[in-house]
Number of protein chains: 2
Amino acid sequence: MAGINRVAAKEKFLRFLEQKNLRMTSQRQVIIDTVFSTDQHFTAEQLLDWARKQDQSVSRATVYRTLPLLTESGLVHEMDFGKDYKYYDPNYADSPNHNHLICQDCDRIVEFESDKIDKLQDEISQSLGFSLKAQQLRLTASCDELKRLGACKNKAC
Amino acid sequence: MAGINRVAAKEKFLRFLEQKNLRMTSQRQVIIDTVFSTDQHFTAEQLLDWARKQDQSVSRATVYRTLPLLTESGLVHEMDFGKDYKYYDPNYADSPNHNHLICQDCDRIVEFESDKIDKLQDEISQSLGFSLKAQQLRLTASCDELKRLGACKNKAC
DNA sequence: AGCTTTTTGATACTGAGACGCAAAAATCGT
DNA sequence: ACGATTTTTGCGTCTCAGTATCAAAAAGCT
């Protein structure tokens with residue numbers, strides 16, 4: 001599953017820029033092309049590297065300036081995995097409620113959804129007197145189950 | 001509910017140090033006294049400020065060195081609320097599975113627990129082939145429910 | 001083409017946290 | 001109680017992600 005269609009994403013971003021009276025530039029093109037050519041989570045610095053392979057001249061500043069736009073437009077989601085830098089998730093437009101399980105042994109990140117959890121979160125928020133706006137669930141786990149079965153395909157396992 | 005007993009906490013920390021062949025020093029005393037005189041979440045810099053009011057000589061380095069010890073001993077929990085600095089939660093020893101709801105309007109942090117969610121998390125981890133080690137659930141919400149009812153006591157609401 | 005507004009890239013800056021090291025404190029053996 | 005050994009401390013420096021500044025370049029407008 002390769003995330004949102006690159007063309008659809010670009011289109012949505014165009015509409016967002018228009019509505020905000022911002023301009024589509026070649027640098028922004030390169031950046032969102034890069035973002036939606038993967039479905040991996042990435043950091044700002046990674047994105048800079050990748051984008052520069054496509055266009056030497058893309059600057060760090062522009063990458064850091066474009067990421068908040070992508071976040072605001074709902075195409076990408078800002079995540080913190082407990083490191084001292086941010087991660088960005090390009091699968092957000094597809095499934096805005098997905099959660100993450102991070103393996104502490106092999107650093108894999110597995111995405112999952114759960115209607116039951118979503119529903120409970122809503123109920124709890126209501127019962128505390130709030131209305132839920134956003135949510136982040138992060139499970140830290142160990143793949144020893146898979147290891148025991150010899151089924152873990154990851155090199156680090 | 002004022003968090004774990006200060007005396008109990010100090011005792012637990014003493015045992016932890018002993019087991020690791022580390023020493024109890026006056027600075028570490030001051031730091032954990034400070035930590036367990038509140039049940040609020042705090043940052044490293046806040047802790048430094050508070051501790052220095054009690055003992056001028058406590059250094060930034062020592063605070064930053066002590067916090068990982070407190071975390072490792074299970075007395076405190078490291079949290080990220082999406083800011084670029086970490087928060088620490090002194091209520092962790094009491095209820096290691098509690099979750100957080102952060103109000104985006106008034107910045108209040110409400111703690112809550114849910115056996116149902118805990119259970120679902122475990123089930124999901126198992127079904128993905130992992131065993132759950134740790135968990136962080138963060139809800140971002142707005143207190144407009146309370147506001148509408150005129151029941152929100154917070155000044156910012 | 002000229003004029004205005006936005007965007008860009010280079011560079012300097014900020015702020016949390018880590019590191020290195022010599023001095024100070026705690027522990028231990030005698 | 002005292003010197004030897006080990007740990008811890010405080011200071012200063014360093015790193016690194018992210019932000020701010022600003023003149024130059026690009027885009028859009030008439």
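Naming: A, B, ... by sequence-line order, numbering from 1 per chain.
For the pair A:Gln27 and C:dG9, the criterion of a side-chain N or O lying under 4.0 Å from OP1 or OP2 is met.
For the pair A:Phe42 CZ and D:dA17 C1', the computed distance is 16 Å after rounding to whole Å. Regarding B:Gln56, its CD atom lies at a distance of 11 Å from the P atom of D:dG10, rounded to whole Å. What separates CE of A:Met79 from P of D:dA17 is a distance of 19 Å, to the nearest Å. Between the CD atom of B:Gln29 and the P atom of C:dA25 there is a distance of 16 Å, given to the nearest Å.
Checked against D:dC11, C:dT8, C:dG9, the side chain of A:Ser57 finds its nearest nucleotide in C:dG9. Minimum atom distance to the side chain of A:Arg52 is reached by C:dA10, of the listed D:dG10, C:dT7, C:dA10.
Terminal axes of the helix from C:dA1-D:dT30 to C:dT30-D:dA1 (five pairs each, C1' rotation axis) are separated by 30°, to the nearest 10°.
In the displayed structure, A:Gln54 atom CD is contacted under 6.0 Å by more than 12 heavy atoms of other residues, nucleotides or ligands. Dense packing is recorded around CD of A:Gln19, with more than 12 heavy atoms of other residues, nucleotides or ligands lying under 6.0 Å away.
Considering B:Arg6, B:Lys53, B:Arg28, B:Lys10 in turn, B:Lys10 is the only one that fulfils the salt bridge (Lys or Arg N to Asp or Glu O under 4.0 Å) rule with B:Asp33.
Side-chain N or O atoms of A:Ser95 include none that pairs as donor or acceptor with a backbone N or O of A:His98 at under 3.5 Å. The main-chain N or O of A:Val58 is never found under 3.5 Å from a side-chain atom of A:Thr62 such that the two would form a donor-acceptor pair.
Using modelled atom types, one finds no donor on one side chain facing an acceptor on the other under 3.5 Å when comparing A:His77 with A:Gln136.
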Which parts of nucleotides 18-30 of chain D does protein reach within less than 4.0 Å, heavy atoms only, written one letter per nucleotide 5' to 3' as B for base, S for sugar-phosphate only and - for none?
SB-B----BBS--
